[in-house]
Protein chains: 4
Amino acid sequence: MTTKARKPKAAIAKAEEDGTRDKILNVAIQEFSRYGLSGARIDAIAAESGANKGMIYYYFGGKDDLYVAALEESYRRFRQIESEFHIDDLPPVPALRRLVSATFDYHAVHPEFIRMVMSENINQGEYIRKIPELQAINRPAIGLLDNLCQRGIAEGVFRADLDPVDLHMSISALSFYNVSNRYTFSYIFDRDLASKKVHEARRESVIDMILRYVRAP
Amino acid sequence: MTTKARKPKAAIAKAEEDGTRDKILNVAIQEFSRYGLSGARIDAIAAESGANKGMIYYYFGGKDDLYVAALEESYRRFRQIESEFHIDDLPPVPALRRLVSATFDYHAVHPEFIRMVMSENINQGEYIRKIPELQAINRPAIGLLDNLCQRGIAEGVFRADLDPVDLHMSISALSFYNVSNRYTFSYIFDRDLASKKVHEARRESVIDMILRYVRAP
Amino acid sequence: MTTKARKPKAAIAKAEEDGTRDKILNVAIQEFSRYGLSGARIDAIAAESGANKGMIYYYFGGKDDLYVAALEESYRRFRQIESEFHIDDLPPVPALRRLVSATFDYHAVHPEFIRMVMSENINQGEYIRKIPELQAINRPAIGLLDNLCQRGIAEGVFRADLDPVDLHMSISALSFYNVSNRYTFSYIFDRDLASKKVHEARRESVIDMILRYVRAP
Amino acid sequence: MTTKARKPKAAIAKAEEDGTRDKILNVAIQEFSRYGLSGARIDAIAAESGANKGMIYYYFGGKDDLYVAALEESYRRFRQIESEFHIDDLPPVPALRRLVSATFDYHAVHPEFIRMVMSENINQGEYIRKIPELQAINRPAIGLLDNLCQRGIAEGVFRADLDPVDLHMSISALSFYNVSNRYTFSYIFDRDLASKKVHEARRESVIDMILRYVRAP
DNA sequence: TATGAATGAGAGTTCATTCAT
DNA sequence: TATGAATGAACTCTCATTCAT
C-alpha cells in the first residue's frame, strides 16, 4: 500500500527535526559530562554536532536548558538499561549477583552518566530539581530491589532487616566510585582502575561484599 | 624574659605574609570546591579573601596554579586528620570499626574535600599529576590499613585473603558517595542524606558492611 | 540585461563581510604602525573601526594574528604600487631615475609602511616568518631591478659588476631612512625632513648618489 | 697621603649609588632597545639588574624617565666613539673612507643603539625632545664632516657642492639600514646581513657609493 | 530551520606604581 | 637605600546570546 510507504508530513518534519536535535543532545551529553556545566562550550557543541549555534537556542532555549535536557536523557538511558535485567527468573542470590554485576558494569561502560551526576552534585542539584519526571524514572529501581529482598527474606536466604533504599545506595556507591574517582585513585595508589583485570577483580570484590552483607546470619 | 615573648621581625613578616596567602588559599578551596575549576571566579576569591586580585598572581601564579595549591592543601588536611586515628591501641575489629566510622564522618564534615576530588576527576586528573607529593601524602593510609589487616588475620578474626588497597577503596567508596551524591540521591529517593538521623543510620550500615566483609568465615 | 547589473546574493554577502573585516584591517595597520605591536590597543582598533571587539577575534583570531595580517597587507600594498612603475619603456638611466624617485616618494607618502617594517624589526622578525608568501610578494622587485641592470650593462651605461640585491638595498636604505629617522634626525639636526623643499632636495641627492654609483666608469 | 687613600663620604655614596644606578641603566638600555618603550617591562629590568623595583623609581622617577635616560646614554656612547676617529691626520679620501667604514661598523656592533633610535622614532620623537643636550652631543659629527668636506674641496678631490648634513645623512642611512632592517631584509631576500662576509661586502659597497658621490667630476 | 555576523558583559591576567618597614 | 607586599587601572580574550536574512 502506498500509505505505508509514505511518511506523513508531520512525521517527516519530526524525523528531520530529530536529526539535528538528537545530534545536539548527544554531543551535549558528551560535552557537559566531559567539562561540567560551566566548562562546557556552546560553540564546541555546535561545531561537534555540525549544527549552527542558533539551532541550539531554537531547540533547547539556552545553555542551562540544554544541560537539563542532557541530564534527563542520561538518567533515562541509565534506568532503561536497568529495566532489562530480568532478575525475576533467578533465585535471590544469583539474582542479586546479576544485579550488582550488571550495575557495576553499566557504570564502567557509561562514564558519561557518572560524570553528569557528579556535575549535577557540584551544582548542588540545582538543575535536577527542574525534572520532576526524574523520581518516576528512578523509583522502579527501588521496587525491583525491594521485590528481590522480600523474596530472599521469605526464602530465608537474606537477613530480615534489609532496607532496599540503603542496599541500593551501597550497590550504587561501590559501582559509582570506581568510575567517579578513577583518575585520582589511579594516580595516588598506582592501580589502573580502567584496566580489564582490575575491573573484574573489583567487581568480584563488590559482589562479594554485597552478598555477605545481605546473607542471613 | 620579655624578649622571648616578642616575635622576631622575620616571624612577624612571615606571619603577615601568610595572612594574605593563607586567606586566599582558604577562600580558594571553598570557591573551587563549590564551583569547580572552570566555574570558580578569581574575582570572587579576591573579594572574599579581602585581597587584591593581583596578589593571587603574586603568590600563586595563576588560576590553575591556585587550583593545584588548593587541591594539594585539601588532600594534606584530609590525610592529616586520618593520621590521628590511634587505632593501634585497639583490637582489630573495634579498630576497624573506629577507622570506618571516623572516615565516614570526616567525609560528611568536609564536603569541600569531596567536591575538590570530584572536580579533579571531572578534569580527568590533569592537575593532580602536577603534585608528586600526593602519593607520599596518601600512601600511609594504606600502610595503616595493611597493619590492621595483618593483625586481624594473625589473630584469626579477619579472613586471610584481604587486599588492603581494595578494602581501602570500599571504605572510601561508601564514605564518599554519601557526600558526593548527596543532592541527586536526596532528590530522587527523597531521603535527606544530610540529616543527622539518616547519617548515623547509614554510618552503622557502612560499618556493618565492612565488618561482615572482613570477618573470618 | 538588468539581471547582470544586479549583484548576486553571494557577492553582496561577501561585500558586507569585507566591510567589517576590511575596516578592522585598515585601522589595525594605522594602530600598529603608530604604536607598534605591544603599544597598539585592541580596544582602540575596535573603537576606531566601529566594530565590536569580539569581531577582531572572530575574523583574525587574536592580537598577534591581526598584527601579522596587517604586516602582510602593508607589504602587499607596497609591492603592488611598485609593480606599476613601467620602467621597461625607458632607457636604463631615466628608468633607474624614475624607479629611485618613485621608491623614495612612496616611502614618504606611506610612513605607516615604514613604521610597520620598523616594528617588525624591533620584534626581530618573529611574525614576518609566519608569512611565507612574503618572499613571493617581494622578489619581483629584485627581478625588475635585475632586468634594468642587465639592460644598462648591455648598453654600456652601467658598470658591469652590479649586484641587483645590493643595489636594491641601497635604494631602500636611502629611501627608508628619510622616513624612519624623521623625528630624531629632524630634532637633532634641525632639518625638517617632512617639509616639501627638504624632501625634494633630498630626493635629488639620493637619485644622484645612485646614478653616480651605477654609471660605467 | 691619607687623603688619597680615603674616599670622601660623598664619593663613597656616589660610587655605591652608581653601582645600582648604572646596572639599572645598562639593563634598561638592553630592555628598551629589545622591546621598545611599551614592550619593555619594569619587572624585567629590576630582575635582570638585581635591583629592587623601588630603586628604579628612586633613581629615575618612572618608566618614561628611565627610557629617556637610556636614550640619552645611548646617544652619548655613540658620539663618544665617533670622536675617536682621528681622521684629521689623513688625506680627504682615505679619511672619508675611514669615517664611513668606522660608522658602518659601529652600527653593526651596537644594534642596541639603532634599536633605541628606531623605538624613539616609533614614539615620534616624543621623548628625545626632553633631552636638550642631545643637539650638542650630536652636532660635532657635522663639524667633523664639514671640515673634511672643506679640505677635500680645497684640495680639489671633492666636488664643490657638498652639503655636510646631507652627506652625513647618506652615510647614516646606509649604515643604519643594515642593522635596522636586518630581520625583514634577511628573511625576504634570503641574505643574512649579520654574517661577516655579507657585512664586509656591504661595507665596501657603501664606502664605494659614498666616495663616488663626493668625488670631483 | 538554518546561517554568519554581531553584541556586550565579564573573565583572567598584566603591569606601572606606591607603601610600610 | 633597599625590600616585599599591595594596589588599581587597563588590557587581551572568551562566551552565551541575539539578529538579520
Side-chain angles (χ1 to χ4, degrees), chain A residues 13 16-17 19-21 37-46 50-59 61-67, chain B residues 9-10 12-14 16-21 38-46 50-66, chain C residues 9 12-14 16-21 38-46 50-66, chain D residues 13 16-17 19-21 37-46 50-67:
Chain A
E16 279 168 18
E17 173 186 317
T20 298
R21 213 196 104 100
L37 173 53
S38 56
R41 298 288 165 249
I42 289 285
D43 271 305
I45 294 170
N52 184 277
K53 254 193 299 183
M55 289 298 94
I56 293 172
Y57 290 85
Y58 179 80
Y59 282 119
K63 190 188 186 184
D64 288 6
D65 305 289
L66 177 57
Y67 172 76
Chain B
K9 248 188 179 178
I12 293 174
K14 191 63 166 48
E16 279 171 343
E17 174 188 322
D18 282 353
T20 298
R21 213 195 105 102
S38 56
R41 295 290 165 248
I42 287 285
D43 270 311
I45 294 171
N52 184 281
K53 236 189 325 177
M55 285 295 95
I56 293 173
Y57 294 85
Y58 183 77
Y59 282 118
F60 295 94
K63 190 187 188 184
D64 287 7
D65 305 288
L66 179 57
Chain C
K9 247 188 179 176
I12 292 172
K14 191 62 167 51
E16 278 170 345
E17 174 188 322
D18 281 355
T20 298
R21 213 195 104 101
S38 56
R41 296 291 163 246
I42 288 284
D43 270 311
I45 294 171
N52 183 281
K53 235 190 320 179
M55 285 295 96
I56 292 173
Y57 294 87
Y58 183 79
Y59 283 116
F60 295 94
K63 191 187 186 183
D64 287 7
D65 304 288
L66 178 56
Chain D
E16 279 168 19
E17 173 186 316
T20 299
R21 212 194 106 100
L37 173 53
S38 57
R41 296 292 165 246
I42 289 286
D43 269 306
I45 295 171
N52 185 278
K53 254 194 299 182
M55 290 296 93
I56 293 173
Y57 290 85
Y58 179 81
Y59 282 120
F60 295 94
K63 191 188 186 183
D64 287 6
D65 305 290
L66 178 56
Y67 172 75

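Worth saying up front: this structure is predicted, and the values here are computed from it rather than measured. Numbered from 1 within each chain, the chains take letters A, B, ... in sequence-line order.
Closest-nucleotide positions on DNA chain E for C:G50 and B:G61 were compared, and the one nearer the 5' end corresponds to C:G50. With DNA chain E read from its 5' end, the first of the two nearest nucleotides for C:N52 and B:G62 is the one closest to C:N52.
Once rounded to the nearest 0.5 Å, the distance linking CG of B:L66 with OH of B:Y59 reads 13.5 Å. One finds the CD1 atom of A:I56 at 12.0 Å from the CG atom of A:D65 (value rounded to the nearest 0.5 Å). With rounding to the nearest 0.5 angstrom, the CD1 atom of C:I42 is 10.0 Å from the CZ atom of C:F60. Taken to the nearest 0.5 Å, the CG atom of C:N52 stands 12.5 Å off from the OH atom of C:Y58.
Of all non-hydrogen atoms in B:S38 and A:G39, the two that sit nearest each other are OG-N, 3.2 Å. A pairwise comparison of heavy atoms in A:K53 and A:A46 identifies CG-CB, 3.8 Å as the closest pair.
At whole-Å resolution of the value, CG in D:D65 and C1' in E:dT17 are 12 Å apart. Distance, C:R21 CZ to E:dA6 C1': 16 Å, rounded to whole Å. Per the geometry, NZ belonging to B:K63 stands 14 Å off P belonging to E:dT14, to the nearest Å. Rounded to whole angstrom, the span from the CD1 atom of C:I56 across to the C1' atom of E:dG8 amounts to 14 Å. Here the P atom of nucleotide F:dT3 and the CE atom of D:M55 are 7 Å apart, to the nearest Å. Across the protein-nucleic acid pair, B:I45 atom CD1 and E:dT13 atom P stand 11 Å apart, rounded to whole Å. Between the C1' atom of F:dC11 and the CG atom of C:L66 lies a distance of 15 Å, rounded to the nearest Å. Spacing between atom CZ of C:R41 and atom C1' of F:dC13 amounts to 14 Å, rounded to whole angstrom units.
When the nucleotides F:dT17, F:dA6, F:dT7 are ranked by their closest atom to the side chain of A:I42, F:dT17 comes out on top.
Within 3.5 Å, a donor on the side chain of A:K53 pairs with an acceptor on the base of F:dT17, or the reverse. Residue B:D43 places no side-chain atom within donor-acceptor reach of the base of E:dG12, judged by atom type and a 3.5 Å distance cut-off alone.
Of the nucleotides present, F:dG4 is the one that pairs with E:dC19 by Watson-Crick or G-U wobble criteria, both distances under 3.5 Å. Shown here, E:dG10 forms a base pair with F:dC13; the pair counts as Watson-Crick or G-U wobble because both key distances fall under 3.5 Å.
At the heavy-atom level, C:A40 lies under 4.0 Å from the strands shown only through sugar-phosphate atoms.
Put simply, C:Y59 has no side-chain N or O that comes within less than 4.0 Å of OP1 or OP2 on E:dG4. A sub-4.0 Å separation between OP1 or OP2 of E:dA6 and a side-chain N or O of C:T20 is present. Distances shorter than 4.0 Å separate none of the side-chain N or O atoms of A:Y57 from OP1 or OP2 on E:dA2. For the pair B:Y58 and E:dT14, the criterion of a side-chain N or O lying under 4.0 Å from OP1 or OP2 is not met.
With both ends at atom P, the span from F:dT21 to E:dT1 equals 22 Å, rounded to whole Å.
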